[in-house]
S.K.: 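Here it is: the structure, laid out below.
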4 protein chains.
Amino acid sequence: MSNTIGKLFRVTTFGESHGEAVGGIIDGCPAGITIDEDFVQNELNQRKPGQSKITTARNESDKVHFLSGIFDGKTIGTPLAFVVFNENQHSADYENIRDIFRPSHADYTYQMKYGIRDYRGGGRSSARETLSRVVAGAIAKLILREKNIEIQAYTSQIGNIKLNGTYKDYNLSNTESNIVRCPDAELAKQMENLILDVKKDGDTIGGVVSCVVKNVPIGLGEPVFGKLHAKLADAMLSINAAKGFDYGLGFDFAEKRGSEVNDVFFNDNGTIRTRSNNSGGVQGGISNGEDIYFRVAFKPVATLLKDQKTVNIKGEEVTFKTEGRHDPCVVPRAVPIVESMAAIVILDAVLQKNATI
Amino acid sequence: MSNTIGKLFRVTTFGESHGEAVGGIIDGCPAGITIDEDFVQNELNQRKPGQSKITTARNESDKVHFLSGIFDGKTIGTPLAFVVFNENQHSADYENIRDIFRPSHADYTYQMKYGIRDYRGGGRSSARETLSRVVAGAIAKLILREKNIEIQAYTSQIGNIKLNGTYKDYNLSNTESNIVRCPDAELAKQMENLILDVKKDGDTIGGVVSCVVKNVPIGLGEPVFGKLHAKLADAMLSINAAKGFDYGLGFDFAEKRGSEVNDVFFNDNGTIRTRSNNSGGVQGGISNGEDIYFRVAFKPVATLLKDQKTVNIKGEEVTFKTEGRHDPCVVPRAVPIVESMAAIVILDAVLQKNATI
Amino acid sequence: MSNTIGKLFRVTTFGESHGEAVGGIIDGCPAGITIDEDFVQNELNQRKPGQSKITTARNESDKVHFLSGIFDGKTIGTPLAFVVFNENQHSADYENIRDIFRPSHADYTYQMKYGIRDYRGGGRSSARETLSRVVAGAIAKLILREKNIEIQAYTSQIGNIKLNGTYKDYNLSNTESNIVRCPDAELAKQMENLILDVKKDGDTIGGVVSCVVKNVPIGLGEPVFGKLHAKLADAMLSINAAKGFDYGLGFDFAEKRGSEVNDVFFNDNGTIRTRSNNSGGVQGGISNGEDIYFRVAFKPVATLLKDQKTVNIKGEEVTFKTEGRHDPCVVPRAVPIVESMAAIVILDAVLQKNATI
Amino acid sequence: MSNTIGKLFRVTTFGESHGEAVGGIIDGCPAGITIDEDFVQNELNQRKPGQSKITTARNESDKVHFLSGIFDGKTIGTPLAFVVFNENQHSADYENIRDIFRPSHADYTYQMKYGIRDYRGGGRSSARETLSRVVAGAIAKLILREKNIEIQAYTSQIGNIKLNGTYKDYNLSNTESNIVRCPDAELAKQMENLILDVKKDGDTIGGVVSCVVKNVPIGLGEPVFGKLHAKLADAMLSINAAKGFDYGLGFDFAEKRGSEVNDVFFNDNGTIRTRSNNSGGVQGGISNGEDIYFRVAFKPVATLLKDQKTVNIKGEEVTFKTEGRHDPCVVPRAVPIVESMAAIVILDAVLQKNATI
């Protein structure tokens, strides 16, 4: 009962990492939207494993097939089902962890909750599930583009290397120019080196993805329990390894006085705007037309390519070493996932805003 | 469509700050629970305005009346409706801001979304709405207590004064021993002084509330879009002035290596536990039985008792000064609200866990 | 978790028959709607007990109080809470049935499901709960009127006395001209006499309410699991004592050939319409702009004013006789309830239809 | 937003009749259930076209493929995705109705709602969609069997040929012994002949499916807006061509007196039961442990193999004749669909009942 997100634009995903396929159903998609399947595939390719030396070597074509909801290239108001078949599973790599609970993984909690689990590649808890979100996010982006709404995420921190200032201090169109997805070329290089160092040690490293949404209509979000930023937080923290979310000044607000950070309204040639945007584009849970920006913190990947202690299903303490292919840092590949979840949330909010007489 | 939270334990709130009443309906409450109305009222009193020199002087009895769902002192499986009548409104204080959009308030976004708003005391966007959450949270706490689940929040930062270490370094039973609700008496005094300083300036200050949930059953939370921490984030960020959420090491994970922070399982006399708990009690979205702990960042209250610039509904730039009674810092009164939202989320997760054959 | 209906226009009700009050919260109500409270009260008066010699003698003012969501006479997009205090309870009348399961009542199922129940006046299972639906329905009607959508229900059968033909054969504006709410004055008189006869025997009688919705926009309803008629059925069968629902030709379709009943499209001066309307205004689950009409069957009231056998909570077989005040036939008072539920469903469908880009 | 049914056991379907595939996702399926894929396929075969001389000649293998959620033959608590590829489409048959609105079909309402439609074979409005429900229903049946709950539907009326008495008067295990799925062999033969007669005329005929659920636990269903029979009605009326629903005595209650039909409780060797079961196993919306029985009325199939008048998309009146392969009567193939929807609703109610502390 937990594999669906959204109220009106509803995305349901399925699939285990080493099962037959992953995919999903998008329900509530407006009709008459032209679906550019190349765009969708390209979005998916940004999430793909094996795309660079700092990502896992698992190599799959990750080709998306749509099974319904599109006719003559356009959506028709019916559900879009899509599927990506799993190809390059090395399930044998996981035989030795079949009965082991890997530290900081979902092995133990799944086993305890369900009494059974697909141990191969993490099963349903694998980040491979996020593939379905990128497909749904790509569809949402295509629709939001018709409203001129743009979403851009980027790597803002890896380990102790972090961007200074805000998104306004960087040219975000540089984000895709390096494999770390950081808009600052120099810091990107440092981040890349850090990830390679960590990888060499069989270790992993955490980081932060930042995201900005531009040209947001005023009035998205609901006042009390459907606040726009709360829905963004819910969506972002559903991403594997995400551990924190804040928006606008976020945790930095804790040290501030109201007089320092209040966003003063002014009349910008007939448009009411705010001089600063510490609020991050959302006030009282509702978008005010300024840029929405937020951060998502990610922990280091739990899978280490070195000996670790743990217990097995019998409760015996054991030492194990992971085989398999894993990312030393989830952050670069999380960038398109953050964008996708943002697109899903924003589109859902647009539809809800329009649901009136 | 946004005033309900929860899937099985469902709380719907209503009411404007200067309307006739605030209150709510709790649906899905298990039957046969003894309702200690004194406990509920006491919880409410912790949120009450006017409780100390660092809170707003608005003075109300905030007496809760239950209208349904309780028979012979016990719940009967039907909805619990409750109401708290508003008493001490000084609506005249708000006449001068009737047509003004206060900076960093919800005035502008409500007006733009709905084309109309109750400007008195912030209307629905007032933190007075959270009163209903504390009532619902108190009911949830009574039920969770039968399962031995305990929730404790506390002030961990005001401005630049913050607790070091984790919740384990403090005796949380001291939390209610000072008006700041900080378990460290000395830091509490500093925080209190900071708030009084800020108040003297007509200014406000931000802060952080931390919370820990103990004796959590294993298996709460759903794997993909109903992750326990994501539901906590959604709930916490629905609180007025909340701007950030993280759990376990949270944003500090960004700087860490996997080998530093992985939580190693061990056999603790027959119980599988983790040696560290950097995960914050949730792995793969599902509770693992360790303590759940998280932080919520709050911005400084937007209402300043000093001149501010803004625009009015006609788009004219104006200077105004707020009358009315306001908190210089939302954090101490947010402590019981954070606990309440945690109780609502955890109870809902308990019910969902049990929804099987 | 079962006291809310609707997806975007959401109505949650509360209250037991002999508790302090009944009422509800309407969430998702569009903003800027002028609320004519006299109209709402008048709708409520049509449901009121004690309105005629064929209804229960329970006599209450049933005065509705709105607690939120209305400012300067208009809705403001926030939840409308309302309450009707219970006044004329004769709870002592129910002492003798405290431990008894009345035949064909909800006493037994509530007791078994919840392990506890409020036995006074049926508690939550009392038709007094429908009062809240009439308030919500009245609000929905006010909004639908702005779209020119009209809803008219009427009594079409009491016992074996039934209207011939369809709603088109009667002047429905006569419905309120008699206490049975039947548009045919002569049959109304027969129905009234039948009810009085039955009442004299301490017995009760069943019947049918029919309803028609006019000026329905094309495109209401969702294709697969949100079919407009399915949502109407769900809503109608939530009314106490309702046992059946059909629309258009309904059960009479079973005997028909396709060639007899297909609704042929034609061009009516530029508007596409159907020559017949056996479909009842809904095709494929979606309104086609023709009148929607449907029937709801009601069983005879289970409470008889004569000796009945049953068992008590110990399983002992006993004979009892109901005191209290009860309707000999639920149908006349069900007419405004059917209209109200229809209004709630139709308005919710209008909002959903508009939820697009 | 309308392709999902259920609250805890949630079924989402996708697919157009002449698209690539139909299928769905089952979320909320309990873990550890052994999935007998042969049973599922066999259930599906009962719905299959081309199974007898009274069904459409469309001939497909309708082989179901599960893509996720099953590991080592058992459910693991993750979503079960399944797909059935479309094979035997004769899309060319539909070229001539591309721009035509077939009478009593969904062509017109889909076109008006979405501005676009897949005209081939009815697209999403085709009864081929129900295939996905039968798969989900088969899974639900497997789970309910572990609780000993049995569901049996059968044809009780075709045209003016109908069974007398109730389900207790027939041996329902005979249902599958004839192609009409009627437990009375003689009436089955008459029904079959009627259908063949109608078919010879290029015409179609309506009917009724009845259904009984045995060994139902007490306490299924929610009191107000989640009444068990209302959820059954919602589910049944989501089936293509369904036009009416009643349960227990249903519409026949309208003519009855309370004293004739009240179900008197008695002590049946320690079990509280009712002497009659006119209520149909549900009282106050909650199951009382007696058999649940209900009826679903179906209209004659709208597609006739003879000339019909209508209008085209330009509003021009035209005469057309359907090619394609169609059932002369939907009822026999609706029998497994009614059972499937019943299984989905009952299982969802079982899970909800258990969702307590």
Side-chain angles (χ1 to χ4, degrees), chain B residues 1-4 6-10 12-33 65-72 74-86 110-111 113-120 123-125 129 132 348 351 355, chain C residues 1-4 6-10 12-33 65-72 74-86 110-111 113-120 123-125 129 132 348 351 355:
Chain B
M1 60 190 145
S2 57
N3 296 280
T4 299
K7 185 174 176 72
L8 297 177
F9 184 78
R10 294 173 65 75
T12 305
T13 75
F14 71 83
E16 284 78 51
S17 179
H18 288 230
E20 196 170 341
V22 295
I25 298 178
I26 303 165
D27 200 5
C29 188
I33 306 292
H65 304 272
F66 286 96
L67 301 177
S68 66
I70 302 171
F71 182 62
D72 282 351
K74 289 191 176 174
T75 59
I76 55 173
T78 65
L80 279 74
F82 59 89
V83 65
V84 174
F85 290 97
N86 294 324
Y110 271 62
Q111 184 69 41
K113 186 176 181 74
Y114 298 115
I116 187 174
R117 77 180 202 278
D118 180 353
Y119 61 89
R120 302 165 307 165
R124 181 74 178 145
S125 72
E129 181 274 336
S132 305
D348 196 34
L351 298 181
Chain C
M1 60 189 145
S2 57
N3 296 279
T4 299
K7 185 174 176 74
L8 296 178
F9 184 78
R10 295 173 63 76
T12 304
T13 75
F14 71 84
E16 284 78 53
S17 179
H18 288 229
E20 194 169 342
V22 294
I25 297 178
I26 303 165
D27 200 4
C29 187
I33 306 292
H65 303 274
F66 285 95
L67 300 177
S68 66
I70 302 172
F71 182 61
D72 283 351
K74 289 190 175 174
T75 59
I76 56 173
T78 65
L80 279 74
F82 59 89
V83 65
V84 173
F85 289 98
N86 293 326
Y110 271 61
Q111 184 69 40
K113 186 176 182 75
Y114 298 115
I116 187 175
R117 78 181 202 277
D118 180 354
Y119 62 89
R120 302 165 307 167
R124 182 73 179 145
S125 73
E129 181 273 336
S132 305
D348 196 33
L351 298 180

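First the proteins, then the strands, lettered A, B, ... as listed; each starts at 1.
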S.K.: Take F14(B) and V83(B) through the side chain to side chain contact (heavy atoms under 4.5 Å, CB included) test and state the conclusion after the steps.
M.R.: CA-CA 9 Å; F14(B) 71 83; V83(B) 65; 4.1 Å; yes
S.K.: Go through the steps to decide whether D72(B) and K74(B) satisfy the test salt bridge (Lys or Arg N to Asp or Glu O under 4.0 Å), and finish with yes or no.
M.R.: CA-CA 6 Å; D72(B) 282 351; K74(B) 289 191 176 174; over 6 Å; no
S.K.: With only heavy atoms counted, which part of F66(C) is less than 4.5 Å from chain B, the side chain, the backbone, both or neither?
M.R.: backbone
S.K.: Between G115(B), P79(B), G19(B), G24(B), which residue shows the highest count of heavy-atom pairs closer than 4.5 Å to chain C?
M.R.: P79(B)
S.K.: At a heavy-atom distance under 4.5 Å, which candidate from I116(C), L67(C), I70(C) has the highest pair count against chain B?
M.R.: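 Most heavy-atom pairs within the cutoff with chain B belong to L67(C).
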S.K.: What pair of heavy atoms forms the shortest contact from T12(C) to T4(C), and how long is it?
M.R.: OG1-OG1, 2.7 Å
S.K.: Using only heavy-atom distances, determine whether the side chains of S2(B) and R10(C) contain a donor-acceptor pair under 3.5 Å.
M.R.: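 No.
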